[in-house]
Each structure stands twice: as structure tokens, then as C-alpha cells.
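Just so you know, residue 1 is the first one in the sequence shown, and it goes up from there. These numbers were taken from a predicted model, which means no experiment stands behind them.
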Amino acid sequence: MRIKKIILYFFALQIMMFSEPVKLRKRVYYLYYPTFKQKINSGMEIQKVRGYCILLDMKCTEVLYVAEEMDDWKQGPGESTLKKIEIDLSNFKKTFFIGEFRNDYPYFKNLKQEILKENKLRKKIERIKKMLFINDIMLETEMEKSSYRDYYTMGIDYEELTKKISDYIIIRTDEISNPYIMDIKNYKPDEEKIELKNLNQIYQYFKNNPYRNLEYTSEKVDEYEKFIEKNININEFENILQREIFELIKELNLE
């Protein structure tokens, strides 16, 4: 999928009279949104990208730009602004890819495959998958409550919003419509680790009451809202999800 490209120039200011023109260093960023918006057919996909994101309410939107190449000091074998892991949840086969941009398209090369045998790691992946599904439902419920307000096409001038350069994690599964994006470089887990004790019950409720198959009525939205308010501490839920993802990235060596 061809994606939009922009070019930024970075240079050191040199105060020197009668100096010769200085050639500026060019850095290319690609608007990466088109590559991860589509839902995947099965399993779980985790990408780690280097670039900058447009922030709205201090959270990364899907307006994410990825650098064409790493900084000069960090270039070398195994270093890339694009890395990806695909996990087949039927047998927990992990496939690692490294990517690059060619002619304005992202390409990924399969470098390594292995079966994730550790039971503890498998359970963490299953927990994250369930939590991502619940998070996706809460996001859609909030958008429905806001009268179908689309945060990304409501006339916002993104050039006036905050841009943040970092390393971002993008996660997609076959159950969610909206990719989950996290600033992994600047994340710092809380000292106290907490768990979501009623995860399976919440997950099963949403699976048994599929939001996307229900008529979009205010009564159904109210029903979901009441369940969420009663059973989920949203701030606590987000903290737990981000910590789980942070730990998973380390265990998968996607660093």
C-alpha cells in the first residue's frame, strides 16, 4: 500500500560571516496510517516503529508518521524504523520481520520463526488479546455516546497539535477494529503491579452481547455504559493493559 511521504530538514545553525551555502540533511517521514487501519484476519500483529505521532488530549492518534531510516548514530545490522512480530494464536508460532521503505512502500523481510512454548507467556498474550477487545468496545461505546463523533475527521488542524517523536507499538488482532497504539519508549510502569481480576467475566459479557451486531440505539449504548461503569475502572484498566504490553515487548525481544 502506497503511503504519503513528507520531507523534513534538520541542520545545525552555523554563525559564520560570508560562509558557503550549507547542504541540509534530509529526513523522510511516511504517513503510516493506511498500513495498519485495516483489520487483520487472524492472530495478533505487533509492530514497533520509530517516528512521530500527532497527540490529541496527550494521547497518540492514528496520525502516525514513521521515519524512513534510523538516526545516523543508531544505524547498523538489525536496526530499522520498522519491526514486526506476527503470532499465530492456534499454535503460538512467532514470526519476526524487519522492514524498510522502497519506492514509498513498506516491505517486511521474514527473519526468524519460533514456537512460544512457555505457558506463562502464552497466558499473557491471551490476556492482552482479551483486554484489547474490551478496550476496543469501550472506545466504540464512547464514540457512539458522542453522537458518532470521529476524532480524526472532524476538522481538526493537525499541524497545530502536538507532535511527539518516539518509539511506538501498534497492535492489531482479529477481534478489534481500531489498532492499539502505545508510546513504548517513554512508558514507565508503576511500582505496584495490579491485575484485572474479573477479566474473563467482562470479556465473556461483550462476546455474548456483540456490540457491532446490535442496533445503534441510545438504549443499547446506555446498557453498555452501565456495565462498563459498574465493572471497569477505566484508568486502572488502561494502566494494566499498558504494563502487560510493556512486559510482552520485553519478553518477545522487540526492542
Worksheet item: Would you say the side-chain atoms of D183 pair up with the backbone N or O of K185, donor to acceptor, closer than 3.5 Å?
Response: yes
Worksheet item: Taking the side chain as C-beta and beyond, is there a heavy-atom pair between I134 and L241 under 4.5 Å?
Response: no
Worksheet item: Which pairs count as ring pair (Phe, Tyr, Trp, His ring centres under 6.0 Å) when at least one residue sits in residues 168-188, sequence neighbours excluded?
Response: Y187-F246
Worksheet item: Considering only heavy atoms from C-beta outward, does the side chain of V66 approach that of F101 to under 4.5 Å?
Response: yes
Worksheet item: Any sub-3.5 Å donor-acceptor pair from T162's side-chain atoms to L55's backbone N or O?
Response: no
Discussion item. Is there a side-chain contact between M138 and F237 in this structure, where contact means two heavy atoms from C-beta onward sitting under 4.5 Å apart?
Written reply: yes
Worksheet entry | Cationic tip of K84 above F97 ring, under 6.0 Å, 45° of axis | yes
Discussion item. Holding to ring pair (Phe, Tyr, Trp, His ring centres under 6.0 Å), I want the full list of residues that pass it with Y203, two or more places apart in sequence or in another chain.
Written reply: F133
Worksheet entry | More than 12 heavy atoms of other groups within 6.0 Å of E195 CD | no
Discussion item. Students often mix this up, so state it plainly: with edges at 30° and 60°, are the rings of F36 and Y33 parallel, tilted or perpendicular?
Written reply: perpendicular
Practice prompt. Report yes or no: do Y32 and Q47 form a side-chain donor-acceptor pair below 3.5 Å?
Written response: yes
Worksheet item: Who passes side chain to side chain donor-acceptor pair (under 3.5 Å) against E244, sequence neighbours left out?
Response: K124, R127
Worksheet item: Between the main-chain N or O of K93 and the side-chain N or O of N91, is there a donor-acceptor pair closer than 3.5 Å?
Response: yes
Practice prompt. Check whether any side-chain N or O of T81 sits under 3.5 Å from a backbone N or O of R50 as a donor-acceptor pair, and report yes or no.
Written response: no
Worksheet entry | Shared hydrophobic cluster for I232 and I137 (ILVMFWY, side-chain gaps under 4.5 Å) | yes
Discussion item. Taking the basic N atoms (NZ, or NE/NH1/NH2) and the acidic carboxylate oxygens, is any pair closer than 4.0 Å for K109 and E100?
Written reply: no
Fill in: Non-hydrogen side-chain atoms of L121 and L248 separated by less than 4.5 Å
yes
Discussion item. Quick one, N239 and I194 - any side-chain contact, counting heavy atoms below 4.5 Å?
Written reply: no
Worksheet item: Relative to each other, are the rings of F227 and F206 parallel, tilted or perpendicular (30° and 60° limits)?
Response: perpendicular
Item to complete: Please test E247 against K193 for salt bridge (Lys or Arg N to Asp or Glu O under 4.0 Å), starting from the C-alpha separation and ending with a verdict.
Response: CA-CA 12 Å; E247 292 175 352; K193 184 175 182 179; 3.3 Å; yes
Worksheet entry | Whether K39 side chain and D174 backbone form a donor-acceptor pair below 3.5 Å | yes
Worksheet item: Are the side chains of L252 and I87 in touch, meaning some heavy atoms are under 4.5 Å apart?
Response: yes
Item to complete: Could you give me the CA-CA distance, side-chain angles and deciding distance for R172 and D136, then say whether salt bridge (Lys or Arg N to Asp or Glu O under 4.0 Å) is met?
Response: CA-CA 11 Å; R172 297 190 293 169; D136 196 55; over 6 Å; no
